[in-house]
Amino acid sequence: MRLSRYFLPTLKENPAEAQIVSHRLMLRAGLIRQQTAGIYSWLPLGHRVLSNIARIVREEQDAAGCQELLMPTLQPAELWKESGRYDDYGKEMLRIIDRHERELLYGPTNEEMVTDIFRASVRSYRDLPMTLYHIQWKFRDEVRPRFGVMRGREFLMKDAYSFDLDAAGARRSYNRMFVAYLRTFARLGLKAIPMRADSGPIGGDLSHEFVILAETGESQVFVHRELVERDILGEALDYESDLQPIVDSWTTLYAATDEKHDPIAFGALADGDRLEARGIEVGHIFHFGTTYSKPMDVSVQGPDGKPVHPEMGSYGIGVSRLVGAIIEASHDEAGIIWPESVAPFRVGLINLKPGDAAADALAGEIYAALREAGTEVLYDDRDERAGVKFADMDLIGLPWQVIVGPRGAKEGRAEIKRRRGGERHELDKAAILERLLA
RNA sequence: CGGGGCGUAGCGCAGCCUGGUAGCGCGACUGGUUUGGGACCAGUAGGUCGUCGGUUCGAAUCCGGCCGCCCCGACCA
């Protein structure tokens, strides 16, 4: 993509409404624009990031055996009256009346709807276990939206719902999702720590929040250092196997948000193992048993011919929130530093002097070669001063920069710079391509 | 929902107290000079001063209603 033709409205100054760093950078880097309180448009660059995150979430859900579907944003109120939540949910639920005076609502979550879909078509225990998910916009009419996309009213969320025959099956589904979440956040370049959360009406230990570590996080967290150092992606994984040992290995080490913090237990850890940090919640998994399957009268026929209410769980990831959360966890004074997996482009190619024959030729060749190799590259071919291009490129945070100047170009050389850390090398074209395409 | 703040050009702000017909920086556009870290000179365009009403000869400015946005708290993926 040529930057001269790309819609990338960057801002030199901080918009007054943005207080936290991710919000400021998202506005300045041309990722989003606010439409009204807590509701944002995603500009091309931001949309690419959002799509990349959704793609990774989807890949890991599929790998864990979940099936994607897509439920609507608008839901009939009847479903929520069935479960009893229509009155319970309060003003956070956006209620809508259509032309026929039918009551609708903009879904804040989809337990009722997925349960309705399930009960309409699933009859036998043989169809279980089943986990369905979708990635869809949700709306919660927060009294006070803030922090940009981290706490918007409209937000993109992955929500999954598991159906199992019994509690043991539900635990297996829960464990699969637990591990899938660890992998998902790791692939997004984040350190995510599962933390015990309030358990549901059933009690038990099947509720965890996934909190990523970021210096500017909103809440204080206390964790065993080993949890931060583990590399889940480097571990072999078979979703068909018993995952309980893996889950246990994560849940037995100390990890708590400040509400759940137990200073005595934490204090008992060795000095070097105690880690206090700031965190942002980006996911929540939750077993809730038959909370919906009973009142909504869902059952499948069991092996003995008798009806069974399925055990259910739900599992959320805040996809749009993650864009902000990743920035909170990965930025510097100059701007965003995208992890490679979610970067809107992998390479930013700067031609310092468009119009210079040697620079144009070399930059053009590198651009073509990268594109041919399938690498996403944003080519800054604008007629701007060097400083502007450097500043913009640092701001938008692409992982690699290739800088072609007239002097080096004459000798066939350009500079390659890693955004994270700023390390740079002047190399010839072949060496640059080799580094980027290795 | 309680408390506080703010709405003036695309962005950041001054002007308001003490009414007299709107200004600065950045950005945009044109021309020229520049050219490896947000250049310089000259020129141009761009504002129903959130909105409705009141006071006044005259309102961005004073008074009132409404709308919107931000911050702190309570609440939350």
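Residue numbering restarts at 1 for every chain, and letters A, B, ... go by the order of the sequence lines. Note that these values count all heavy atoms, side chains included, but never hydrogens, waters or copies made by symmetry.
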Student: Quick one: is A:R385 getting a side-chain N or O under 4.0 Å of the B:G36 phosphate, OP1 or OP2?
Tutor: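 No, no such contact exists.
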
Student: What's the closest nucleotide to the side chain of A:A37 if the choices are B:C69, B:C13, B:G38?
Tutor: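 For A:A37, the side-chain atoms sit closest to B:C69.
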
Student: Decide whether A:R119 and A:S293 meet the rule of one side-chain donor and one side-chain acceptor closer than 3.5 Å.
Tutor: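 Looking only at side-chain atoms, A:S293 and A:R119 do not form any donor-acceptor pair under 3.5 Å.
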
Student: Which of the following nucleotides, B:C70, B:G37, B:G36, is nearest to the side chain of A:Q19?
Tutor: B:C70

Student: Can you tell me, in whole Å, how much space there is between the P of B:G25 and that of B:G65?
Tutor: 38 Å

Student: Should B:U44 form a Watson-Crick or G-U wobble pair with both distances under 3.5 Å, which nucleotide is its partner?
Tutor: B:A28

Student: Is A:A391 touching bases, backbone alone, or none of the nucleic acid, heavy atoms closer than 4.0 Å?
Tutor: base

Student: Could you measure between the two C1' atoms, the one in B:G37 and the one in B:U48, and give it in whole Å?
Tutor: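 42 Å, rounded to whole Å.
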
Student: Taking atom types as modelled, find out whether A:Y133 and A:N110 have a side-chain donor-acceptor pair closer than 3.5 angstrom.
Tutor: no

Student: Consider the side chain of A:R140, meaning its heavy atoms from C-beta on, and name the nucleotide among B:C71, B:G36, B:C76 that approaches it most closely.
Tutor: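 Comparing B:C71, B:G36, B:C76 against the side chain of A:R140, the answer is B:C76.
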
Student: Please classify the nucleic acid contact of A:R153 as base, sugar-phosphate, or nothing, using heavy-atom distances under 4.0 Å.
Tutor: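 If one applies the 4.0 Å heavy-atom cut-off, A:R153 turns out to touch nothing in the nucleic acid.
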
Student: Could you tell me how far B:G36 sits from B:C24 if I compare only their C1' atoms? Round to whole Å.
Tutor: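 About 32 Å, rounded to a whole number of Å.
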
Student: Check whether A:S83 reaches the backbone of A:Y292 with its side chain - one donor and one acceptor, N or O, closer than 3.5 Å.
Tutor: no

Student: For A:G152, answer base if it contacts any base atom (sugar-phosphate contacts may also be present), sugar-phosphate if it contacts only those atoms, and nothing otherwise; contact means non-hydrogen atoms under 4.0 Å.
Tutor: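 Base, at least one base atom sits under 4.0 Å.
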
Student: Quantified in whole Å, what is the C1' atom distance between nucleotide B:G68 and nucleotide B:G32?
Tutor: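 One C1' to the other, the span is 44 Å.
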
Student: Remember a base hit wins even if backbone is also touched, and classify A:G405 as base, sugar-phosphate or nothing at under 4.0 Å, heavy atoms.
Tutor: base

Student: Below 3.5 Å, can you tabulate the donor-acceptor pairs from side chains in residues 431-438 of chain A to any protein atom, sequence neighbours excluded?
Tutor:
none

Student: Report yes or no: is the cationic atom of A:R171 (NZ for Lys, CZ for Arg) closer than 6.0 Å to the six-membered ring centre of A:F178, at no more than 45° off its axis?
Tutor: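 Cation-pi check for A:R171 and A:F178: fails.
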
Student: Mind listing the N/O atom pairs, protein and nucleotides 24-27 of chain B, below 3.5 Å?
Tutor:
| residue | atom | partner | partner atom | Å |
| --- | --- | --- | --- | --- |
| B:G25 | N2 | A:E13 | OE1 | 2.9 |
| B:C26 | O3' | A:K12 | NZ | 3.4 |

Student: In Watson-Crick or G-U wobble terms, both distances under 3.5 Å, what is the partner of B:G7?
Tutor: B:C67

Student: I'd like the P distance from B:C70 over to B:G12, given in whole Å.
Tutor: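 It comes out at 12 Å once rounded to the nearest Å.
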
Student: Counting the atoms with a prime plus P, OP1 and OP2 as sugar-phosphate, which does A:D159 contact under 4.0 Å by heavy atoms, base, sugar-phosphate, or nothing?
Tutor: nothing

Student: How close do A:E218 and A:R278 get, counting heavy atoms only, and between which atoms?
Tutor: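 For A:E218 and A:R278, the tightest heavy-atom pair comes out as O-NH2, 3.2 Å.
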
Student: Across the strands shown, which category fits A:L11 at heavy-atom distances under 4.0 angstrom: base, sugar-phosphate, nothing?
Tutor: nothing

Student: State the pairing partner of B:G23; accept Watson-Crick or G-U wobble contacts with both distances under 3.5 Å, and report none otherwise.
Tutor: B:C13

Student: My understanding is that only residues two or more places apart in sequence, or in another chain, count here; which of them pass side chain to side chain contact (heavy atoms under 4.5 Å, CB included) with A:K91?
Tutor: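 Here no residue qualifies.
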
Student: Using a heavy-atom cut-off of 4.0 Å across all strands, would you classify A:S320 as base, sugar-phosphate, or nothing?
Tutor: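 The answer is nothing, as A:S320 stays clear of every strand by at least 4.0 Å.
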
